[in-house]
2 protein chains.
Amino acid sequence: MNTPNFKPTKCDVCPIRHRAVCARCNADELVELDSIKYYRTYEAGQTVIWAGDKMSFVGSVVSGIATLTQTMEDGRTQMVGLLLPSDFVGRPGRDGAAYNVIATTDVVMCCFRKKPFEELMERTPHIAHRLLEMTLDELDAAREWMLVLGRKTAREKIASLLSIIARRNTAPTPGESSDAMVFDLPLTREAMADYLGLTLETVSRQMSALKRDGVIQLDGKRHITVPDMGRLMEEAGDDSDGGFLI
Amino acid sequence: MNTPNFKPTKCDVCPIRHRAVCARCNADELVELDSIKYYRTYEAGQTVIWAGDKMSFVGSVVSGIATLTQTMEDGRTQMVGLLLPSDFVGRPGRDGAAYNVIATTDVVMCCFRKKPFEELMERTPHIAHRLLEMTLDELDAAREWMLVLGRKTAREKIASLLSIIARRNTAPTPGESSDAMVFDLPLTREAMADYLGLTLETVSRQMSALKRDGVIQLDGKRHITVPDMGRLMEEAGDDSDGGFLI
DNA sequence: AGTCCCAATTGATCTGGGTCAAAGTTGGCC
DNA sequence: GGCCAACTTTGACCCAGATCAATTGGGACT
């Protein structure tokens, strides 16, 4: 509920990561966008949006990590999406937010006021195309995740999550997929459990098991080395190199 | 692999159900579409598309029911979507199919050759808008389903599935949501199990339990009466009236 | 009416992951 | 440096749902 922090200049991070609109923007459009665009920062743990609240903007993550979660009234919660830099948030054409959006780390969002964004979308077909493309990717990811939630064992679930995060953490480097990989887990054990439909105890046990079996190395709680990505993906039960997934 | 069955006339079902493109079509566009549109029939049990195969069309279901499934190489399968009349199939801008599409009942599809459809989409912004809207609905449904798969008990899962099917089977009638409702299950116990991440035995047991407890009445294996939809939705653990969901 | 076949039910038993409980770690802050 | 709170690990036990195994039922054929 802070006052939005306006930046009347061209987005400095867009050329690399902020694909939502900007990757296909040209300078003219950015000038036009400036009056409806703003940045906003959220602290780790802060709720960006509550499910059901009116959303006055759409936007995308510039830096940091946020999660989409659903909660039942008895407290059971399920994470339904992970928002990494460049991911889009919000839904043109619908007022209420469908999920809780929670900042896991400090997050910078690039926001567009909803009304003018929708008008811009009407005038600019390629924005709708780009959004469609991104939404289809998210749909694929969600459906891939349904297989994880519905049919995989706890160990496979953990391995699946780790390989997704590892894959999103580095450039794809096609062909060369079974090299060592090092990254920091951006999630607590509880958040992992909420993503995987497990309890945090089970997550912890399976992480220990994967460590014991040499599939991963743990340095502290969060810093992870995967000596062999191929092995990890086998553990995940992935048949192919699994193109999409969050 | 039959030869597509051309119908150079205006789609006779579109005004009611075939929303994918036609709901917002006017006569002019339909005339244009005729050269790229065709109908095709699939028998119950037939595979419409295998995951990974090249898809030469997009389209939508006119009548009948099909399922989207993913399979692991050891045979575990998870249904990731249910295609009811008016639902869209395929992905403009991507060649390979991501999932198996299987006809559960006899299915009539209204197909558009992919290339010309994509070109048409370029020229006709409202098609992209409509597709975006539909894809966002599907994404919401998939995410709602992630909560079902990840956090609900077997009984709640069954109740969730029944209430979705019941809801899609009749006009919404807003306000009046706890009336008796009668419908035919379009799925076998096994298909239900694949949707819910359960075994077919558990599905059967929970169906029996819901029947014993008076939540549903069974007439034969498939014909179902729900005396009180409110009760069913309570059993499903849905807090609200649950706007979306497939 | 009989029989064949497949869907569905029901029972008995087993087990992966949940639950409850108690230590152990780690990083932030004074 | 030491303390505190939050996060994590580990152990013991239990139960919902899986697995294995018979039956049962019902519709489509002769």
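Bear in mind the structure is a predicted one, so any value in this text is a computation, not a measurement. Residue numbers start from 1 in every chain, and the chains themselves are labelled A, B, ... in the order their sequence lines are given, proteins ahead of strands.
Of the possible donor and acceptor atoms, none in the side chain of B/Asp194 sits under 3.5 Å from a partner among the backbone N and O of B/Met79.
Side-chain contact between A/Ile158 and A/Leu210 is present, with heavy atoms from C-beta onward closer than 4.5 Å. Taking 4.5 Å as the limit, every side-chain heavy atom of A/Ile224 sits out of range of all side-chain heavy atoms of A/Val182.
Atom NE2 of A/His223 and atom C1' of C/dT25 are 18 Å apart (whole Å). One can place CZ of B/Arg151 at 13 Å from C1' of C/dT19, the figure rounded to the nearest angstrom. In this structure, CD of B/Glu156 is placed 9 Å from P of D/dG17, rounded to the nearest angstrom. When rounded to the nearest whole Å, the span between CG of B/Leu198 and P of D/dT19 equals 11 Å. Taking atom CG of residue A/Asp219 and atom C1' of nucleotide C/dT25, one finds them 14 Å apart after rounding to whole Å. Following rounding to the nearest Å, A/Met192 (CE) and D/dT9 (P) show an atom-to-atom distance of 9 Å. Across the protein-nucleic acid pair, A/Ile216 atom CD1 and D/dT9 atom C1' stand 14 Å apart, rounded to whole Å. Summarising the geometry, the separation between CZ on B/Arg76 and C1' on D/dA18 is reported as 13 Å, rounded to the nearest angstrom.
Remark: B/Thr199 is in phosphate contact with D/dA18, judged by side-chain N or O atoms under 4.0 Å from OP1 or OP2. Remark: B/Arg222 is in phosphate contact with C/dA8, judged by side-chain N or O atoms under 4.0 Å from OP1 or OP2.
The nearest pair of heavy atoms linking A/Tyr195 to A/Leu149 is O-CD2, 3.6 Å. Listed here is the closest heavy atom pair of A/Gly214 and A/Pro227: O-CG, 3.8 Å. Of all heavy-atom pairs spanning A/Arg151 and B/Arg76, the tightest one is O-NH1, 3.0 Å.
Nucleic acid contact for A/Gly197: sugar-phosphate only, since backbone atoms but no base atoms lie under 4.0 Å from a heavy atom of the residue.
Helix bend of the helix from C/dA1-D/dT30 to C/dC30-D/dG1: the angle between its two end axes, each built from five pairs, comes to 40° after rounding to 10°.
With rounding to the nearest 0.5 angstrom, the OG1 atom of B/Thr71 is 5.0 Å from the CG atom of B/Asn100. Rounded to the nearest 0.5 Å, atoms OG (A/Ser60) and CG (A/Leu83) are 10.0 Å apart.
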Atom pairs, N/O to N/O, protein against nucleotides 9-13 of chain C, distance under 3.5 Å?
| residue | atom | partner | partner atom | Å |
| --- | --- | --- | --- | --- |
| C/dT9 | OP1 | B/Arg189 | NH2 | 3.3 |
| C/dT9 | OP2 | B/Arg189 | NE | 2.7 |
| C/dT9 | OP2 | B/Ser204 | OG | 2.7 |
| C/dT9 | O5' | B/Ser204 | OG | 3.1 |
| C/dT10 | OP2 | B/Ser208 | OG | 2.9 |
| C/dG11 | N7 | B/Arg205 | NH1 | 2.9 |
| C/dG11 | O6 | B/Arg205 | NH2 | 3.2 |
| C/dA12 | N6 | B/Arg205 | NH2 | 3.3 |

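Salt bridge present: A/Arg94 and B/Asp137 bring a charged side-chain N and a carboxylate O closer than 4.0 Å.
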